[in-house]
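Both counts, for ligands and for their atoms, begin at 1 and track the order of listing. Just so it is clear, the structure is predicted and the values come from calculations on it, not from any experiment.
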Amino acid sequence: MAVERTFSMIKPDATARNLTGKITAKLEEAGLRVVASKRVWMSRKQAEGFYAVHKDRPFFGELCDTMTSGPTIVQVLEGENAIARNREVMGATDPAKAAAGTIRKEFAKNIGENSVHGSDATDTAAQEIAYWFSGTEIVG
Ligand code: GDP
């Protein structure tokens, strides 16, 4: 597997608890390199667009409330098999089901406030990176 890039987000529940460094350390320990990073406070419109795939789910309103409740850190991660690697170190969506040692097991509060987002496929990674980092030169 070649080196690839993925998009990561440290969610408001985690920035509120000052966990940016601890979560980034877990990503780095997993072999992922932070090649772009910035702090963003999402608008309602951005949250609704980012999670549009979930717009008909019962938790959509709550999800958008949570994502706009404070700043996030958006990142581009680079590494071997980065998309799958990041999903692995994030752990299951519900922290109660996440494996030991994963970010969500260690830091997430609940299924909604689960500390991190990570792209799930090559096309979504490319789209999410393009959206949040268009105009930014990303050096490897
Ligand atoms: P992910 O790829 O592991 O983040 O999971 P999904 O794509 O399925 O869901 C996106 C996000 O929606 C999750 O990370 C949660 O923040 C939120 N979410 C998913 N399922 C639920 C749920 O049952 N209840 C609530 N409140 N939020 C949820």
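- Side-chain N or O atoms of Glu4 include one that pairs as donor or acceptor with a backbone N or O of Ala82 at under 3.5 Å.
- Identified under the ring pair (Phe, Tyr, Trp, His ring centres under 6.0 Å) test for residues 58-100, with sequence neighbours left out: His54-Phe59.
- The immediate protein surroundings of ligand 1, defined as residues with any heavy atom under 4.0 Å of it, consist of Lys11, Tyr51, His54, Phe59, Glu62, Leu63, Arg87, Thr93, Arg104, Ile111, Gly112, Asn114.
- The side-chain hydrogen bond (donor to acceptor under 3.5 Å, both in side chains) check on Asn110 picks up Glu113, with sequence neighbours excluded.
- Between the side chain of Lys11 and the backbone N or O of Thr66, no donor-acceptor pair lies under 3.5 Å.
- With sequence neighbours excluded, no residue forms a side-chain hydrogen bond (donor to acceptor under 3.5 Å, both in side chains) with Glu28.
- Listed for the Arg87 side chain is a donor-acceptor partner under 3.5 Å among the backbone atoms of Gly118.
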